[in-house]
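Note that these values count all heavy atoms, side chains included, but never hydrogens, waters or copies made by symmetry.
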Amino acid sequence: MAKKSSFRFLYDSPVSLSIVIASLLIFILDSLAFKGSLIQAAFTCHGNSASDIPFNFSSPVEYIRLITYALGNYSWESLLISSIFILLLGPLMEERYGSVMLAVMMAISTFVAGVLNACLIPQDLKGQSAIVFMLILLSVLTTLEKKEIPLSWILLFVTYLAQQMHFAAMNFTTGTRLSDFAFIAFMQKNVGTFTLLAAGITGTLFGFLVAPKTKTSQTKTYKFSGTTPRPMATPYDKPNPYDGTSIAVSQEELDRLESQSPRFKKKGKSKDEEIGTLSF
């Protein structure tokens with residue numbers, strides 16, 4: 001009886017999938033059961049002294065939030081965009097660097113972004129933006145080994161950077177007065193975006209230092225000098241110890257050599273011999 005073909009789910013990228021699934025579950029739980037208090041209490045990194053709730057350097061819980069804020073999100077839109085980028089780029093980088101090394105790089109980017117936010121930014125920080133920046137830059141870094149920069153990666157980086165700047169402009173809630181100069185006002189609005197980009201660059205530099213080396217296959221070459229006489233062909237495809245050449249014998253030649261062997265000679269059938277006649 002033929003076996004029935006069955007499909008099975010493969011947890012192929014444990015780090016990337018775990019971050020997306022955990023962020024989704026926390027956001028759903030916070031929206032339905034805690035009404036926004038769960039993410040604010042455990043998955044938010046506070047800003048500097050000018051923010052509404054400043055970072056408390058004497059509290060051990062605040063240092064834990066420097067990592068756990070990556071599992072919180074501002075809205076469904078930010079969660080959806082970050083999850084798409086992580087699911088697209090995360091498995092590729094996880095296959096290249098390994099799950100443990102990718103988790104370390106994500107932790108470094110998250111921690112650096114949290115520290116910069118606690119020291120410089122007068123706003124709270126949530127989400128996986130630093131991780132997404134790190135994955136995009138790390139993907140570009142892998143293409144530089146071939147001395148190529150794909151245009152698709154550049155457009156991907158510019159698109160996500162523009163989305164982060166738009167999000168920062170729409171949610172700029174600090175009470176500081178913006179400057180009359182457009183450039184200074186732009187920098188004040190997007191200083192959080194640039195800190196996330198700096199954190200992504202930090203994780204990318206760490207990935208550059210631990211980049212896996214390309215494996216090169218070592219093959220031996222055999223030269224035929226032409227001075228030493230070659231021995232008779234043998235039914236093996238291996239280096240000849242006499243002159244350093246490689247002998248390759250076809251299947252037809254092997255069959256012909258084996259047929260000439262005394263072991264394969266078939267004995268002919270004995271014919272009936274007539275001894276005489278018997279008459280009655």
To the nearest 0.5 Å, how far apart are CG in L196 and CG in L125? 5.5 Å
Please round to the nearest 0.5 Å and tell me the distance separating atom OH of Y63 and atom SG of C45. 11.0 Å
Any chance you could measure E62, atom CD, to I53, atom CD1, to the nearest 0.5 Å? 9.0 Å
With side chains defined as the heavy atoms from C-beta onward, is the minimum distance between L17 and L87 less than 4.5 Å? yes
Do you reckon V15 sits in the same ILVMFWY cluster as L71, going by side-chain contacts under 4.5 Å, direct or chained? no
Taking the side chain as C-beta and beyond, is there a heavy-atom pair between K126 and T44 under 4.5 Å? yes
Given side chain to side chain contact (heavy atoms under 4.5 Å, CB included), test L137 with L197 step by step and report yes or no. CA-CA 9 Å; L137 296 174; L197 179 59; 4.2 Å; yes
Roughly how far apart are I131 CD1 and L89 CG, rounded to 0.5 Å? 12.5 Å
No-hydrogen, no-angle side-chain donor-acceptor test under 3.5 Å, E94 and S99: yes
Could you report the tightest heavy-atom contact between S13 and P91, atom names first, then the distance? OG-CB, 3.1 Å
Does any part of the side chain of V104, heavy atoms only, come nearer than 4.5 Å to the side chain of Y97, both counted from C-beta? no
Checking side chain to side chain contact (heavy atoms under 4.5 Å, CB included) for the pair L138/L141: CA distance, chi angles, key distance, verdict? CA-CA 5 Å; L138 203 61; L141 182 64; 4.1 Å; yes
Cluster check L102, V20: I/L/V/M/F/W/Y, side chain < 4.5 angstrom: yes
Please round to the nearest 0.5 Å and tell me the distance separating atom CD1 of I67 and atom CE of M106. 12.5 Å
Within the structure provided, determine whether M165 and F194 are in side-chain contact (heavy-atom separation under 4.5 Å). yes
Parallel under 30°, tilted from 30 to 60°, perpendicular over 60°: which one fits the rings of F167 and Y74? tilted
Within the 4.5 Å heavy-atom criterion, are I121 and L116 side-chain neighbours or not? no
I108 with I86, same ILVMFWY side-chain cluster at under 4.5 Å: yes
Working to the nearest 0.5 Å, report the span between CD of Q128 and OG of S83. 6.0 Å
Is there a path of hydrophobic side-chain contacts, each under 4.5 Å between heavy atoms, that joins L79 and I21? no
Closest non-hydrogen contact found for Y11 with S18 is OH-OG, 3.0 Å
Looking at every non-hydrogen atom in both residues, tell me the closest pair between A130 and A199 and how far apart they are. CB-CB, 4.2 Å
Please determine whether the number of non-hydrogen atoms from other residues, nucleotides or ligands lying under 6.0 Å from atom CZ of F111 exceeds 12. no
Name the residue from Y160, F133, F157 that meets the ring pair (Phe, Tyr, Trp, His ring centres under 6.0 Å) definition with F85. Y160
In short, A50 meets P122 closest at the heavy-atom pair CB-CB, 3.9 Å
Heavy atoms, side chains only, cut-off 4.5 Å: are C119 and F55 in contact? no
Is there a donor-acceptor contact under 3.5 Å from the side chain of S51 to the main chain of H46? no
Group every Ile, Leu, Val, Met, Phe, Trp and Tyr by side-chain heavy-atom contacts under 4.5 Å, then state whether L66 and L38 land in the same group. no
Side chain of N48, backbone of L120: donor and acceptor closer than 3.5 Å? yes
Among N117, D124, T110, side chain to side chain contact (heavy atoms under 4.5 Å, CB included) partner for Y69: T110
